[in-house]
Amino acid sequence: MIYRGRKGDYRLSANPLASGGEGAVYAIENCTPSVAKIYHPQKLQNSGEMLERKLQTMVQEVPVQPIVDGFLKVAWPQDVLYDKTTGQFVGFVMPKLDSSLKIYQIEQDENHRLKLFPHYTWKYAVQYAYNLSWVVWYLHLNGVIIGDMNMNNIVVDKQGHITLIDCDSFDITNRRTGERFKCEVGMEELLAPEIQGCMMVANADFTPAADDFSLAIHIFRLLMMNADPFCAALVGKSVDSSTALNTNLNIINGESPFFRQLPNKKVPPWAPPVSILPPEIVDAFKNTFTYRQRTIRTAMKFRTTAEEWNKLLLKYAQADPNPNLSRCRNNHVYSAHLTTCPFCK
Ligand SMILES: [Zn+2]
């Protein structure tokens, strides 16, 4: 199948590489560093006109560089695709990924992670957190809001790099016409409290600060062995270690057992204490996760931003020998403010 773009014709593979709810992704035979997403007819019927204007905006008005320092940071749309005969909008061209690992495969339990990365240490977690904060900061600098920063949209590689995908769901504003293409989806357990308060995500007003909240949850999970800051174990009850209990309700109420004494909730027994983290990192989390339901609007101004996270994490993410990290006899890597290895226990 051949589709027309602004930059020329694209010859797509006969069969898709992958297919999802919104469309299918195809290899491009005459442009192998890129792939094409072709929307399903149903999606085009429902929101084709809006998607066409949104993708034209992303390609022409908000052109974000996908590759920075030699690494693909964001699978930003590169061209808009049209049917050659009818001229109808069908999809878009984007950079091809080298990795298919998702961030949840890294955040997940240790045994699973060790299968993927036999040499995984806490240094990797820091590296991912640093690179994730960088790309969020980079997009904010370009006037882009991510909105749905869910774990399926974050691809990682074995060197510690991060690529954001599914950019067509991002919250984009055309700076010339002022038209805004809102993000209308989101994963409940990652959404900022002011977004949770909306009856429907489609009505929510995403901001860079809302992204900063989701970013902090990902960083926390990376640095804290997959513990969710709002996943509490109920006091006096035994709970399966992987169960998130009303995480979104805890987010609305600002009830993180890691940062607040709560009468009926506590840190899950399997989770490490926050004291394994450098004190300045703990403070950055406190600035994001300490609030009450009635103080959400005031507290969100004090959230640690993506830029601040990036600058804070830099000294721990730097190459070895790194004086801010220690290594124990069992080759665990941990923050140098600790006197003994927290991962040997
Ligand atoms: Zn150790």
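Just follow the structure's listing: the first ligand is 1, and inside any ligand the first atom is 1.
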Q: Taking the Zn ion (ligand 1) as the center, what protein N, O or S atoms are found at less than 2.8 Å?
A: C328 SG, H332 ND1, C341 SG, C344 SG

Q: Could you name each residue pair satisfying salt bridge (Lys or Arg N to Asp or Glu O under 4.0 Å) that touches residues 74-102, not counting sequence neighbours?
A: D9-K84

Q: Taking ring pair (Phe, Tyr, Trp, His ring centres under 6.0 Å) as the definition, give me every residue that meets it alongside F285, ordered by chain and number, with sequence neighbours left out.
A: F220, F289, W309

Q: Is it possible for you to say whether F213 and M151 belong to one hydrophobic cluster, with membership spreading through side-chain heavy-atom contacts below 4.5 Å?
A: yes

Q: Closest approach of I251 and E188, non-hydrogen atoms and distance?
A: CD1-O, 4.3 Å

Q: Who are the ring pair (Phe, Tyr, Trp, His ring centres under 6.0 Å) partners of Y138, not counting sequence neighbours?
A: W134

Q: Which atom names give the shortest non-hydrogen contact between V144 and V64, and what distance separates them?
A: CG2-CG2, 4.2 Å

